[in-house]
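Just so it is clear, the structure is predicted and the values come from calculations on it, not from any experiment. A note on names: the letters A, B, ... follow the listed sequences, proteins ahead of strands, and every chain is numbered from 1.
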Number of protein chains: 2
Amino acid sequence: MTNPRTGYPDGYLIYLIKQIDSGLRRPFDELISGHGISTAGYTALTVLQSRPGMTSSELARRTFVRAQTMAETVTSLTQAGYVRREKDPAHGLQILLYITDLGLERVAELAPEVAHLESDLVGALGEGEPAELIRALRACRDALAALSRDERPSV
Amino acid sequence: MTNPRTGYPDGYLIYLIKQIDSGLRRPFDELISGHGISTAGYTALTVLQSRPGMTSSELARRTFVRAQTMAETVTSLTQAGYVRREKDPAHGLQILLYITDLGLERVAELAPEVAHLESDLVGALGEGEPAELIRALRACRDALAALSRDERPSV
DNA sequence: GAAAGATTTCAGGTAACCTGCAATCGCAAT
DNA sequence: ATTGCGATTGCAGGTTACCTGAAATCTTTC
């Protein structure tokens, strides 16, 4: 009933994460809709901003979705002019993705509002706690990545 | 660009939460499908387990979804025999929800596997860190709840 | 007792996932 | 070299979990 690793009921951590994600969905969608971009698209765009030249499949692995799902997202971003596709000269098969100036513009436009929502989210936390929270969540994310590598090398 | 409250780029905390939620989706779905229950249904069921006698609308507020959405989930749980609906004698309109023995059975069945997934998730964290993480996430959840109360008293 | 608010229900729609299948290419081993 | 395997990409078809809109019923408030 009570998980010795967490000190709370089994599944409570997972429940909390799902609950927060659900609670973010609406305010987040409100922010970005009206800027001509979807939630999935925004996520992909921010990853491409910090890591230009990824393939769609790499992007899919990083965000824990199937390659086919990410391909759809990337297609609409490309059609909107936020992402540019370039054939990899070394790898005839792969197509490398780059965020365009227009894409950078959209992300920059949204940054203040996203930062504001994030500040609301951590508003009740004390000094240094948000950084600590992020550190812990990164460890969880990495654990999940290791899990999905082991269990489904590629489907 | 960098949020002074988090010490990380704007939106990174939100990104991490969405990423982890996405990473949990597949292993979690794998766990519970095959036990005749959906993700949304499982969530509602665990809440009803700890707080019997809620209305569907209350449940909706708690999980940050619209009342109509929760009504659908509750309908299928009722049809499956996991939830019992009882007219509130004091409030002719409200219908109170109770988890049934069958519902409790399903939740109990799944508890070990959910606990295992959760242990994997926090596997890289040190002594006492999971409890600290949960505490911080609860504060974030409460901040979100306050937000949604203020901005949309009820739509 | 009428207006305002909340709960429930029905109807219709969408975003973001999924599986399955096929074509193409790189790479390694026979 | 050719055969076979894994990875990337593309196309087709579904599902889940959300959403809005609108109406009926009941409670509360003025």
Side-chain angles (χ1 to χ4, degrees), chain A residues 18-19 21-30 32-33 36-44 53-79 83 85-97 148-149 152-155, chain B residues 18-19 21-30 32-33 36-44 53-79 83 85-97 148-149 152-155:
Chain A
K18 291 196 168 301
Q19 194 183 15
D21 184 74
S22 179
L24 283 170
R25 180 172 5 253
R26 244 173 310 154
F28 196 76
D29 282 0
E30 250 171 64
I32 66 173
S33 70
I37 193 171
S38 74
T39 300
Y42 176 79
T43 303
M54 297 181 77
T55 68
S56 179
S57 296
E58 251 176 290
L59 211 45
R61 276 190 295 272
R62 187 172 290 268
T63 53
F64 297 108
V65 300
R66 293 268 178 259
Q68 298 92 318
T69 302
M70 183 53 71
E72 280 179 49
T73 303
V74 167
T75 296
S76 68
L77 285 174
T78 306
Q79 283 166 356
V83 161
R85 297 157 44 101
E86 259 180 42
K87 272 192 142 38
D88 185 340
H91 252 5
L93 181 59
Q94 294 184 356
I95 296 174
L96 308 182
L97 303 174
S148 70
R149 262 197 308 278
R152 322 183 130 223
S154 79
V155 177
Chain B
K18 291 196 168 301
Q19 194 183 14
D21 185 75
S22 178
L24 283 170
R25 184 178 356 261
R26 246 175 308 157
F28 197 76
D29 282 0
E30 250 171 65
I32 66 173
S33 70
I37 193 170
S38 73
T39 300
Y42 176 79
T43 302
M54 295 182 77
T55 68
S56 180
S57 295
E58 252 176 288
L59 211 46
R61 278 189 294 272
R62 187 173 290 269
T63 52
F64 297 108
V65 301
R66 293 270 179 257
Q68 298 94 317
T69 302
M70 184 52 72
E72 279 178 50
T73 303
V74 167
T75 296
S76 67
L77 286 174
T78 307
Q79 283 166 356
V83 161
R85 297 156 43 100
E86 262 181 40
K87 273 193 139 40
D88 186 339
H91 263 297
L93 181 59
Q94 294 182 358
I95 296 176
L96 308 182
L97 303 175
S148 70
R149 263 197 307 279
R152 324 184 127 225
S154 78
V155 176

**OP:** With rounding to the nearest 0.5 Å, note down the distance linking CZ in B:R62 to CD in B:E58.
**Re:** 7.5 Å

**OP:** Starting from C1' on C:dC25, measure out to CD1 on A:I95 and report it in whole angstrom.
**Re:** 12 Å

Subject >> DNA chain D: 5'-proximal contact among B:A67 and A:T55 (nearest heavy atom) >> reply: A:T55

**OP:** Hey, could you give me the CZ/CG distance between A:F64 and B:L24, rounded to the nearest 0.5 Å?
**Re:** 8.5 Å

Original post:
Under 4.0 Å: is that the gap between some side-chain N or O of B:R85 and OP1 or OP2 of C:dT7?
Top reply: no

**OP:** Please state how far atom CD in B:Q79 lies from atom C1' in C:dT9, giving the value in whole angstrom units.
**Re:** 13 Å

**OP:** Answer whether the closest heavy-atom distance between the side chains of B:Q19 and A:T63 falls below 4.5 Å.
**Re:** no

Original post:
Quick one: is B:T69 getting a side-chain N or O under 4.0 Å of the D:dC19 phosphate, OP1 or OP2?
Top reply: yes

**OP:** Identify whether any heavy atom of A:T73 sits under 4.0 Å from a base atom; if not, whether one sits that close to sugar-phosphate; answer base, sugar-phosphate or nothing.
**Re:** nothing

**OP:** Calculate the interatomic distance between A:L24 atom CG and D:dC18 atom P; express it in whole Å.
**Re:** 14 Å

Original post:
Tell me: OH of A:Y42 to P of C:dA16, nearest whole Å?
Top reply: 14 Å

Output a table of nitrogen or oxygen pairs between the protein and nucleotides 27-29 of chain D separated by less than 3.5 Å.
from   : atom 1 : to    : atom 2 : distance (Å)
D:dT27 : OP1    : B:G92 : N      : 3.3

Original post:
When rounded to the nearest 0.5 angstrom, what distance separates CZ in B:R25 from OG in B:S22?
Top reply: 5.0 Å

Original post:
Nearest of C:dA16, D:dT9, D:dA22 to any side-chain atom of A:A40?
Top reply: C:dA16

Original post:
OP1 or OP2 of D:dA17 less than 4.0 angstrom from a side-chain nitrogen or oxygen of B:S38, does that happen here?
Top reply: yes

Original post:
Any donor-acceptor pair under 3.5 Å between the side chain of B:E72 and the base of D:dC19?
Top reply: yes

Subject >> Under-4.0 Å side-chain N/O to phosphate OP1/OP2 contact, A:T39 with C:dA15 >> reply: no

Original post:
Nearest to the side chain of A:R61 - D:dT9, D:dT8, C:dT7?
Top reply: D:dT8

**OP:** Would you please test B:R61 and B:S57 for side-chain contact (heavy atoms from CB on, under 4.5 Å) and show each step?
**Re:** CA-CA 6 Å; B:R61 278 189 294 272; B:S57 295; 4.2 Å; yes

**OP:** Could you tell me whether A:S22 contacts a base, only the sugar-phosphate backbone, or nothing, with contacts defined as non-hydrogen atoms closer than 4.0 Å?
**Re:** nothing

Original post:
Hey, is the side chain of B:R25 poking within less than 4.0 Å of OP1 or OP2 on D:dT15, counting only N and O atoms?
Top reply: no

Subject >> Atom-to-atom span, CD of A:Q19 to P of D:dC18 - whole angstrom >> reply: 12 Å

**OP:** Rounded to the nearest angstrom, tell me the gap between atom CZ in B:F64 and atom P in D:dA17.
**Re:** 19 Å

Subject >> Close side-chain approach of A:L97 to A:R85, heavy-atom, < 4.5 Å >> reply: yes

Original post:
Over how many whole Å does the gap from A:D21 atom CG to D:dA17 atom C1' extend?
Top reply: 12 Å

Subject >> Candidate nucleotides C:dT7, C:dC10, C:dG20, ranked by approach to the side chain of B:Q68 - the nearest >> reply: C:dC10

Original post:
How far does CE of B:M70 sit from CG of B:L59, to the nearest 0.5 angstrom?
Top reply: 4.0 Å

Original post:
Rounding to a whole Å, what distance do you find between A:K18:NZ and D:dC18:C1'?
Top reply: 14 Å

Original post:
Is there a side-chain polar atom (N or O) of B:T75 under 4.0 Å from OP1 or OP2 of C:dT9?
Top reply: no

**OP:** For the residue pair A:L96 and A:T55, establish whether any side-chain heavy-atom pair is separated by less than 4.5 Å.
**Re:** yes

Subject >> Minimum-distance nucleotide to A:R26 side chain [options: D:dT9, D:dC19, C:dT9] >> reply: D:dC19

Original post:
Counting side-chain heavy atoms from CB outward, which of D:dT9, C:dT8, D:dC19 is closest to B:V65?
Top reply: D:dC19

